[in-house]
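See below for the structure under consideration.
Since the structure is predicted, the reported quantities are computational estimates derived from the model, not experimental observations.
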Amino acid sequence: MILTVPPYWKHSPKTHRTPPEPPKSPYPEEYPRSIKDHLQRNKAAINAPKQDSVQRMVDIAAKKAEGKGKGYEKWATLHNLKQMAATVSVYEESGFSSPEELEAALAAANAGLHETTGKLKAVESTLREKKDLQKQLLAYIKTKPARDGLKAQKTEKARKSYREQHESEFIISESAARYFKAQGISKLPASKALQTEIEQLTKEKNALYNEYREKKENVRELQTVKSNLDKILRREPERGNGRENER
């Protein structure tokens, strides 16, 4: 199925007017008035859709029912025209020949995203466990001088006195020992090998996160195209019937 934008959806360039520039802030753009403003701008920039990506069409009738005025309606009409064209472009560039093919592609994209999400969560969980182990291992290693010193004491009185003098070290070492036992660790790993494993897991996590973001964006785009396509296909017969009735 080939989609085309009907002539009556095309926006005439003669009627387009460049909107007036908003008043400039007295504060330079590179110096937000507060850290909160700076963080809000960064968050908005991250969450804002890409300018060249297709966006959802607006239900103008529903917005008017909510009390939106003529200005909003004018903006929404132009927005919808642009998104109709963008939707048709993505639909045709993706090689879809029917809405059913689009739905199948969306289902496959969702399945791929779900699979990647599962892998990412598994790697993140393993990475957290390894970092916890590393934290306990390093703490335990630091207490080695105190533990060795206790073994060097010859009498029970000397050992008791020594433990009192190094109480904090033994609290740390015993806490770490309980952690190792709870995790079923009978042989402690080498610090260097554990660090190498953590670095490898971090690389895997970053790669999976990039893959997750790409797949999530693909799902978002396909969902948007499907939503817009549903609106387009519902509108075509309505407008066609209206014109036939006029005749």
Using the side chain to side chain donor-acceptor pair (under 3.5 Å) definition, which of the options Lys192, Glu197, Glu199 pairs with Gln195? Glu199
Spell out, as yes or no, whether a donor-acceptor pair under 3.5 Å connects the side chain of Ser89 to the backbone of Ala85. no
Would the distance check show the side chain of Thr77 and the main-chain N or O of Glu73 forming a donor-acceptor pair, the cut-off being under 3.5 Å? yes
If I compare all heavy atoms of Ile198 with all of Leu127, which pair ends up nearest, and what's the gap? O-CD1, 3.7 Å
If you measure from CG on Leu137 to CG on Leu194, what distance do you get to the nearest 0.5 Å? 6.5 Å
Is there a side-chain contact between Leu208 and Glu124 (heavy atoms, below 4.5 Å)? no
What pairs with Glu174 under side-chain hydrogen bond (donor to acceptor under 3.5 Å, both in side chains), at least two apart in sequence or on another chain? Arg163
Who else is in the cluster with Leu138 when I, L, V, M, F, W and Y are joined by side-chain contacts under 4.5 Å? none
Do you know the tightest heavy-atom contact between Gln55 and Asn228? O-ND2, 2.9 Å
Pair Gln165-Ser161, side-chain donor/acceptor within less than 3.5 Å: yes
Search all heavy atoms of Gly95 against all heavy atoms of Glu101 and return the closest pair with its distance. O-OE1, 3.7 Å
Main-chain N/O of Ala122 paired with Ser125 side-chain donor or acceptor, under 3.5 Å: no
Distance (rounded to the nearest 0.5 Å) between Leu222 CG and Glu217 CD: 9.5 Å
Rounded to the nearest 0.5 Å, how far apart are OG1 of Thr202 and NZ of Lys131? 5.0 Å
Is a donor on one side and an acceptor on the other found under 3.5 Å between the side chain of His79 and the backbone of Trp75? no
Measure the spacing between CE of Met84 and NZ of Lys231 and express it to the nearest 0.5 Å. 10.0 Å
Under the salt bridge (charged side-chain N to carboxylate O under 4.0 Å, His left out) rule, what do Asp59 and Lys63 come out as? Steps first, then yes or no, please. CA-CA 6 Å; Asp59 187 338; Lys63 293 297 182 180; over 6 Å; no
Can you confirm whether more than 12 heavy atoms, excluding those of Gln223, are under 6.0 Å from its CD atom? yes
Do Glu204 and Gln200 touch side chain to side chain, with heavy atoms closer than 4.5 Å? yes
Parallel, tilted or perpendicular: ring planes of Tyr91 versus Phe96, cut at 30 and 60 degrees: tilted
With a 4.5 Å cut-off on side-chain heavy atoms, are Ile185 and Leu133 touching? yes
Shortest non-hydrogen separation from Lys226 to Leu102 and the atoms involved: CA-CD2, 3.7 Å
Mind listing the closest non-hydrogen atom pair of Val54 and Glu221 along with its distance? CG1-CG, 3.8 Å
Steps toward ring-ring contact (aromatic ring centres under 6.0 Å, His included) verdict (Tyr179, Tyr140): CA-CA 11 Å; Tyr179 172 85; Tyr140 189 73; over 10 Å; no
Are the side chain of Thr155 and the backbone of Ala158 linked by a donor-acceptor contact shorter than 3.5 Å? yes
Same cluster for Tyr209 and Val219 if Ile/Leu/Val/Met/Phe/Trp/Tyr side chains link at under 4.5 Å? yes
Is the backbone of Phe170 close enough, under 3.5 Å, to the side chain of Ser173 for a donor and an acceptor to pair up by distance? yes
Ion pair Arg128/Asp132, N-O distance below 4.0 Å: no
Mind jotting down which residue pairs meet the side chain to side chain donor-acceptor pair (under 3.5 Å) criterion with at least one end in residues 102-123? Sequence neighbours excluded, please. Thr116-Glu211, Thr116-Lys215
Shortest non-hydrogen contact from Thr143 to Glu169? CG2-O, 3.3 Å
Shared hydrophobic cluster, Ile172 / Phe180 (ILVMFWY, side-chain heavy atoms < 4.5 Å): no
Distance from Arg159 atom CZ to Lys154 atom NZ, nearest 0.5 Å? 10.0 Å
